[in-house]
Novice: 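So that we are looking at the same thing, I have put the structure below in structure tokens.
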Amino acid sequence: MNIGITVYPTYGGSGIVGSELGRELALRGHNVHFISSMLPTRLTELNERVRFHEVEMMSYPLFEHQPYDLALATKMATVARSEKLDLLHVHYAIPHSISAILARESIKQKRYVPVITTLHGTDITLVGADRSYLPITRYGLQQSDGVTAVSRFLKQATIETFDFDEIEVIPNFICSCHYKRLPDSPLRDELAPSGEILLVHVSNFRAVKRPLDCVEIMAKVKAKGGHARLIMVGDGPERSACYYRAEQLNVKDDVVFVGKQANIADYLGIADVFLLPSELESFGLAALEAEACEVPVIATRIGGIPEVVTDGETGFLSDVGDTEKMSDDVMKFLNDEEMRRTFGEKARESAVSRYGTELIIPQYLKFYEQVLGAKSAASV
Ligand code: GMT
């Protein structure tokens, strides 16, 4: 198949999933065309099966803001025709599904290119649910030829907010060979020079991720006598507040900010406990990546997280903001190496057996076939 994929290319879960899906599809012999404003962060290799088409913005004195949605639609239509795309698969509803629908409609006399929209989370739970965006998001869902959501939670949230239920749940996935324990990594000695337990948080430091809670947890763990260090991976709006809070709580030297990293697996592979205290998470891809690296997860009991993390088996779940309980849970792992190991092993087993690429990528391919089949049946 010739597949067009559009993602937000910067740091964010939907961009990672779209990019890794493209790579996996290419490995299975499909031609993948990324149509995006920049090369997506996790797309490290282009080859004859994985190509990149940059969306160029047109600047004109009349335009106060450059029209990204139209530039994207135009590029999608051009690529769809020149590369004979079979379908356009967009990640994140706003505005990607609207641009794809526009592209499809603008060329349908020559070629009908079905649009598949994958919902990731905030496109539905925050942005799309905003009253001003709700009608256009619903239109994007209704007009897509197929819609998938990354968790059962997100499907239910979409039904409730948009009264739209033709949604296939296809969860996020991990490649077990990329995400694994790294027992001999020198990074571990660098980050834990005195044999500290490593608590790791990975996010884009948006308020919804509550990274400040990680600092609070670290301070509480220290007060309870825990010998640990907190490694904060990523960057975003809340990073300086975290830094300031670490100073205030007197844990500045126990918290290391390593910024954005090209290879998250380097950090997850040496972590002892993963922290994800988010306020909202439709899936929690970072938690899945940690589990695949045999790292137990301490997270909040919200959104799709309970689908990924089994409380008391692969990690512990708490209410949003309950840093006291989360720090108690860290202490359990800190004081009991055997428990940490058992949880870690179960975490990997659960991640690989439920969310491995071998299981999930065929679900996307089957869905593509279904959508293409439905369209060709309708056109005869
Ligand atoms: O929240 C982010 O980090 C970005 C956002 C996105 O769409 O780029 O992530 C969402 O999609 C991820 C991949 O499917 C999910 O793992 C995240 O749970 C989801 N974030 C939220 O729902 C807040």
Side-chain angles (χ1 to χ4, degrees), residues 5-22 24 36-38 40-43 89-97 116-130 133 137 140 147-158 161 167-174 179 201-211 213-214 232-239 260-261 264 268 274-292 297 299-309 317 320 351 354-355 357 360 363-364:
I5 293 185
T6 291
V7 297
Y8 277 113
T10 49
Y11 214 54
S14 58
I16 294 169
V17 173
S19 306
E20 295 194 347
L21 173 62
E24 291 290 335
S36 192
S37 56
M38 260 165 52
T41 342
R42 290 255 184 125
L43 195 66
H89 186 177
V90 299
H91 293 261
Y92 213 84
I94 304 165
H96 295 160
S97 56
I116 293 177
T117 298
T118 288
L119 308 174
H120 282 271
T122 47
D123 46 353
I124 291 303
T125 52
L126 294 181
V127 189
D130 186 284
Y133 276 102
T137 307
V147 176
T148 79
V150 297
S151 63
R152 296 194 298 277
F153 158 80
L154 189 57
K155 173 172 178 170
Q156 196 50 38
T158 311
T161 310
I167 303 166
E168 184 85 6
V169 175
I170 304 184
N172 291 331
F173 50 87
I174 41 105
Y179 290 93
H201 171 73
V202 179
S203 80
N204 47 20
F205 285 61
R206 284 184 298 150
V208 73
K209 302 284 176 180
R210 294 181 70 99
D213 282 2
C214 296
M232 301 285 268
V233 186
D235 203 353
E238 295 284 295
R239 181 171 151 165
K260 289 184 188 179
Q261 292 294 326
I264 301 297
L268 295 176
F274 186 73
L275 301 181
L276 193 65
S278 307
E279 187 174 319
L280 190 63
E281 207 67 73
S282 70
F283 183 89
L285 180 63
L288 176 63
E289 292 172 339
E291 288 185 317
V297 175
T300 36
R301 192 180 294 104
I302 43 100
I305 290 188
E307 294 173 43
V308 180
V309 179
L317 301 180
V320 174
R354 296 163 65 208
Y355 300 108
T357 45
I360 308 299
Q363 293 181 25
Y364 272 113

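For ligands, and for the atoms within them, numbers begin at 1 and follow the listed sequence. Remember, predicted model here, so these are calculated numbers, not experimental data.
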Novice: Go through ligand 1 atom by atom and flag the ones less than 4.0 Å from a non-hydrogen atom of Gly12.
Specialist: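 So the atoms of ligand 1 that pass are 8 (O).
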Novice: Are the aromatic ring centres of Tyr179 and Tyr355 under 6.0 angstrom apart?
Specialist: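 No, they do not, as the ring centres are separated by 6.0 Å or more.
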Novice: Mind checking what makes side chain to side chain contact (heavy atoms under 4.5 Å, CB included) contact with Thr357, not counting sequence neighbours?
Specialist: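 Side chain to side chain contact (heavy atoms under 4.5 Å, CB included) list for Thr357, sorted by chain: Glu24, Arg28, Phe173, Cys175, Ile361.
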Novice: Give the atom numbers and elements of ligand 1 that come within less than 4.0 Å of a heavy atom of Leu285.
Specialist: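 Numbered from 1, ligand 1 contributes 16 (O).
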Novice: Which of the numbered atoms in ligand 1 are under 4.0 angstrom from any heavy atom belonging to Asn204?
Specialist: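 Selected atoms, number and element: 2 (C), 3 (O), 4 (C).
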Novice: Of all the atoms in ligand 1, which lie at a distance below 4.0 Å from a heavy atom belonging to Lys209?
Specialist: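 In order of number, 1 (O), 2 (C), 3 (O).
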Novice: Show me which atoms of ligand 1 lie under 4.0 Å from any heavy atom of Tyr92.
Specialist: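 By the 4.0 Å cutoff, the relevant atoms are 7 (O).
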Novice: Show your reasoning for whether side chain to side chain donor-acceptor pair (under 3.5 Å) applies to Ser282 and Ser151.
Specialist: CA-CA 7 Å; Ser282 70; Ser151 63; 5.0 Å; no
Novice: Could you check if a side-chain atom of Ser278 sits within less than 4.5 angstrom of a side-chain atom of Arg210, using non-hydrogen atoms only?
Specialist: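 Ser278 does not reach Arg210 side chain to side chain.
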Novice: Could you report the tightest heavy-atom contact between Thr148 and Ile116, atom names first, then the distance?
Specialist: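 Closest approach of Thr148 to Ile116, heavy atoms only: CG2-CG2, 4.5 Å.
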Novice: In sequence, state the C-alpha distance, the side-chain angles, and the governing distance for Glu168 and Lys155, and then conclude on side-chain contact (heavy atoms from CB on, under 4.5 Å).
Specialist: CA-CA 8 Å; Glu168 184 85 6; Lys155 173 172 178 170; over 6 Å; no
Novice: In ligand 1, which numbered atoms sit nearer than 4.0 Å to a non-hydrogen atom of Asn172?
Specialist: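 That gives atoms 13 (C), 14 (O), 16 (O) of ligand 1.
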Novice: Can you check whether Phe283 has an N/O within less than 3.5 Å of an N/O in ligand 1?
Specialist: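 By distance alone, the answer is yes.
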Novice: Among Glu289, Arg206, His120, which one puts a heavy atom closest to atom 5 (C) of ligand 1?
Specialist: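 Considering heavy atoms of Glu289, Arg206, His120, the nearest to atom 5 (C) of ligand 1 sits in Arg206.
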Novice: For ligand 1, which atoms sit closer than 4.0 Å to a heavy atom of Gly121?
Specialist: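 Every atom of ligand 1 under 4.0 Å from some heavy atom of Gly121: 22 (O).
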Novice: Does an N or O from Gly15, backbone or side chain, lie closer than 3.5 Å to an N or O of ligand 1?
Specialist: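 By distance alone, the answer is no.
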Novice: I want to know if ligand 1 touches Gly13 in the polar sense, i.e. an N/O pair below 3.5 angstrom.
Specialist: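 Gly13 vs ligand 1: N/O contact under 3.5 Å present.
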Novice: For ligand 1, which part of His91 has a heavy atom less than 4.0 Å away: the side chain, the backbone, both, or neither?
Specialist: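 His91 to ligand 1: no contact under 4.0 Å from either part.
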Novice: Under the ring-ring contact (aromatic ring centres under 6.0 Å, His included) rule, collect the residues that match up with His120, sequence neighbours excluded.
Specialist: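 With neighbours one apart ignored, the set is His91.
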Novice: Measure up the His201 and Phe274 rings against each other and bin them: parallel (under 30°), tilted (30 to 60°), perpendicular (over 60°).
Specialist: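 It falls in the parallel class, under 30°.
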